[in-house]
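Below is one structure, written out as structure tokens; comments come after it.
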Amino acid sequence: MPGVNLNLPYELFIGLRYLKAKRKQTFISIITFISMAGVMVGVMALVIVLSVMAGFQEDLRAKILGTTSHILVMKFGKGMENANEVTNKIKAVPHVVAASPFIYNQVMLTSETGVSGAVVRGIEPETATTVTDIAKNIKEGSLSVVSQKKKDKNGIEVPGALIGKELARNLGVFMGDYINVISPLGTVTPMGMVPKVKRFQVEGVFDSGMYEYDSSLIYVSLKEAQSFFELGNMVTGIEVRTDDIYRAREIGKEIQGSLGYPFWTRDWIEMNKNLFAALKLEKIAMFVILALIVLVAAFNIISTLIMVVMEKQKDIAILKAMGATSGSIMKIFVIEGTVIGTVGTALGLFGGYVSCFLLAKYKFIELPGDVYYISTLPVKMEPMTLLIVSIAALGISFIATIYPAYQAARLDPAEALRYE
């Protein structure tokens, strides 16, 4: 353009100059900063909320995998007889890290002060820690207690058991107390069906953070479970740990193909798909709702640019008279609006990152543990989340510039300069 000798394209130079209003038009400058602040608040809220949601999801996944293995291998019928042979075949499948047999059955528990339904899980303490993280959840005692037996005051050997914190609370028992495990299957006697009862001593308490597990699970040794349920050498199934939790379904299919019928598999995602689907839907809903904040800020950008166009009509007319095209005029105001959105987005990302960092480090927001089973808000910042938020905010800001820029490009210089 004649008469302009700048290193920057003149559209960019003028667009940046228009961000700063003249002294007598300070109001427009204030509106510009308000528009930036609106984008910043929206982006910051998106980053914080989505990071907290991701933290909740990761924390929930960790709690589930602390008690449940990545894959369960089961067999149609009463049980699995050749557990060692099946375990060796499973370990030969690629990406399988460990495998451990287990027994799973429903029972009734009684103590001197309470009664509760529960699920007995018979495990091998030596291999169970390789497929789950249950050992990390134990608050009192250790996993090895299920293999130990202690004599009571009558000299009778009583096997140890590991129970959930909520189950212990429901039964009113503490470390060292005795509980009775009652099988609903029972045994047939001349007097009819009699429930089978076995006495265990509470030698450990775990807290997984999941009420469903803590209120219903009791761990005993595999041999005690086999003896109590009269299974002989049979087990319910095999727990499997993989090297990639997100490929559990694919690896499960490989295991099932290797073993053939009548074996079948279930992965941890399938067992908890409703829960994770709900969390995913909630995360998407929160993104849409909070994106409305950025949309409101975009309306501020539109109003700011419209006011600038009205105030700069004379300048636009002069530029057109000097040879500026409608496309160049449009670029000036697109650049101005995009800069507002970019600066607001950058400030929002920085503020969101700093807030999440401080929240993760100092944990200054506390939650009631009896409701959420976590004491503070979990936070996980994901690069993909920051990228999606940035693209969404910049996209909305860019779209907001189109109408005011188009109106500026349509301005007739003769009409604008007629009364000057």
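The first residue in the sequence is number 1, and the count goes up from there.
- Surrounding CG of Asn233 are at most 12 heavy atoms belonging to other residues, nucleotides or ligands under 6.0 Å away.
- Here the closest heavy-atom approach between residue Ala161 and residue Val220 is recorded as CB-CG1, 4.2 Å.
- Applying the side-chain contact (heavy atoms from CB on, under 4.5 Å) test to Leu359 and every residue at least two apart in sequence or in another chain returns Val52, Phe364, Ile365, Leu377, Val379.
- Remark: Gln256 engages Thr265 in a side chain to side chain donor-acceptor pair (under 3.5 Å) (not counting sequence neighbours).
- Enclosure of atom NZ in Lys75 by more than 12 non-hydrogen atoms of other residues, nucleotides or ligands within 6.0 angstrom is indicated.
- A donor-acceptor pair is defined here as one N or O able to donate and one able to accept, closer than 3.5 Å; such a pair exists between the side chain of Gln226 and the backbone of Met234.
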Donor-acceptor pairs under 3.5 Å, side chain of residues 337-347 to any protein atom, not counting sequence neighbours: which ones?
{"from": "Thr338", "atom 1": "OG1", "to": "Val334", "atom 2": "O", "distance (Å)": "2.6"}
{"from": "Thr342", "atom 1": "OG1", "to": "Thr338", "atom 2": "O", "distance (Å)": "2.7"}
{"from": "Thr345", "atom 1": "OG1", "to": "Gly341", "atom 2": "O", "distance (Å)": "2.7"}

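- Summarising the local packing, CZ of Phe76 is surrounded by more than 12 heavy atoms from other residues, nucleotides or ligands at distances under 6.0 Å.
- One N or O on the side chain of Trp268 and one on the backbone of Ile245 form a donor-acceptor pair closer than 3.5 Å.
- Taking the side chain as every heavy atom from C-beta outward, Ile255 and Val73 approach each other to under 4.5 Å.
- Expressed to the nearest 0.5 Å, how far NZ of Lys363 lies from CG of Leu358 amounts to 12.0 Å.
- For Val309, the side-chain contact (heavy atoms from CB on, under 4.5 Å) partners two or more places apart in sequence, or in a different chain, are Ile316, Phe333, Ala408.
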Checklist line | Chi angles and distances behind the side chain to side chain contact (heavy atoms under 4.5 Å, CB included) call for Met210, Leu60 | finding: CA-CA 8 Å; Met210 296 286 289; Leu60 178 63; 3.5 Å; yes
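- The shortest non-hydrogen separation linking Ile396 to Ala291 is CD1-O, 4.3 Å.
- Proximity of Met307 to Met310: side-chain heavy atoms (C-beta onward) are nowhere separated by under 4.5 Å.
- When each of Ile103, Ile123, Leu231, Thr127 is tested with Leu222 by the rule side chain to side chain contact (heavy atoms under 4.5 Å, CB included), just one qualifies, namely Ile103.
- Taking a 6.0 Å sphere around CE of Met175, one finds it holds more than 12 heavy atoms contributed by other residues, nucleotides or ligands.
- By the 4.5 Å heavy-atom criterion applied to side chains, Ile163 and Ile179 are counted as neighbours.
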Check: Hey, mind stepping through Val47 and Tyr353 against side chain to side chain contact (heavy atoms under 4.5 Å, CB included) and telling me if it holds?
Finding: CA-CA 7 Å; Val47 170; Tyr353 179 85; 5.7 Å; no
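- In this view, Ser142 and Ser144, Val145 satisfy the side-chain contact (heavy atoms from CB on, under 4.5 Å) rule, not counting sequence neighbours.
- Applying the salt bridge (Lys or Arg N to Asp or Glu O under 4.0 Å) definition to pairs two or more places apart or across chains, those involving residues 258-274 are Arg249-Asp267.
- In terms of heavy-atom proximity, Gly204 sits nearest to Leu162 at C-CD1, 3.1 Å.
- Separation of atoms CG (Asn180) and CG (Leu171) is listed at 10.5 Å; rounding is to 0.5 Å.
- Counting only heavy atoms from C-beta outward, the side chains of Asp244 and His95 never approach each other to under 4.5 Å.
- Taken from OG in Ser147 to NZ in Lys223, the straight-line distance is 8.5 Å, to the nearest 0.5 Å.
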Next item on the list: Would you please test Thr325 and Ser328 for side-chain hydrogen bond (donor to acceptor under 3.5 Å, both in side chains) and show each step?
Entry: CA-CA 5 Å; Thr325 64; Ser328 296; 3.1 Å; yes
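- Looking only at side-chain heavy atoms (C-beta outward), Phe229 and Val120 come within less than 4.5 Å of each other.
- Residues that satisfy the ring-ring contact (aromatic ring centres under 6.0 Å, His included) test with Phe200, not counting sequence neighbours, are absent from this structure.
- Counting only heavy atoms from C-beta outward, the side chains of Lys320 and Ser326 approach each other to under 4.5 Å.
- For Ile302, the side-chain contact (heavy atoms from CB on, under 4.5 Å) partners two or more places apart in sequence, or in a different chain, are Phe299, Ile306, Ala400, Pro404.
- Judged by distance alone, with hydrogens and angles left aside, the side-chain atoms of Gln201 form no donor-acceptor pair with the main-chain N or O of Gly160 at under 3.5 Å.
- Atom CD1 of Ile138 sits about 11.5 Å away from atom CG of Asp207, to the nearest 0.5 Å.
- Looking at Tyr219 and Thr67, their side chains come closer than 4.5 Å, going by heavy atoms from C-beta outward.
- Closest approach of Met381 to Cys356, counting heavy atoms only: SD-CB, 3.4 Å.
- Take Asp177 and apply the salt bridge (charged side-chain N to carboxylate O under 4.0 Å, His left out) test, not counting sequence neighbours, and it matches no residue.
- Nearest heavy atoms, Gly117 versus Met108: N-SD, 4.0 Å.
- Here the shortest heavy-atom pairing between Leu143 and Ala128 reads CD2-CB, 4.3 Å.
- Open room surrounds CD on Gln106; 12 or fewer heavy atoms of other groups in view lie less than 6.0 Å from it.
- When the ring-ring contact (aromatic ring centres under 6.0 Å, His included) test is applied to Phe102, no partner is found at least two apart in sequence or on another chain.
- Sorted by first and then second residue, the salt bridge (Lys or Arg N to Asp or Glu O under 4.0 Å) pairs with a member in residues 83-109 read Glu85-Lys89; sequence neighbours excluded.
- To the nearest 0.5 Å, atoms CZ (Phe174) and OG (Ser111) are separated by 10.5 Å.
- The 12-atom threshold is exceeded at OH of Tyr178, counting heavy atoms of other residues, nucleotides or ligands nearer than 6.0 Å.
- More than 12 non-hydrogen atoms from other residues, nucleotides or ligands lie less than 6.0 angstrom from CZ of Phe287.
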Next item on the list: Go through the steps to decide whether Leu319 and Ile332 satisfy the test side chain to side chain contact (heavy atoms under 4.5 Å, CB included), and finish with yes or no.
Entry: CA-CA 11 Å; Leu319 286 170; Ile332 291 172; 4.0 Å; yes
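- Rounding to the nearest 0.5 angstrom, the gap separating the CD1 atom in Ile71 from the CZ atom in Arg241 is 11.5 Å.
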Notebook entry, point to check: Passes side chain to side chain contact (heavy atoms under 4.5 Å, CB included), Gln57 versus Arg61? Steps please.
Noted result: CA-CA 6 Å; Gln57 192 167 356; Arg61 182 169 58 242; 4.3 Å; yes
Check: side-chain hydrogen bond (donor to acceptor under 3.5 Å, both in side chains) between Asp214 and Ser208: does it pass, once the steps are laid out?
Finding: CA-CA 6 Å; Asp214 295 340; Ser208 68; 2.8 Å; yes
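- Residues Thr401 and Glu336 have side chains not in contact (no heavy-atom distance under 4.5 Å, counting atoms from C-beta outward).
- Applying the salt bridge (Lys or Arg N to Asp or Glu O under 4.0 Å) test to pairs two or more places apart or on separate chains, those with a residue in residues 49-58 are Glu58-Lys380.
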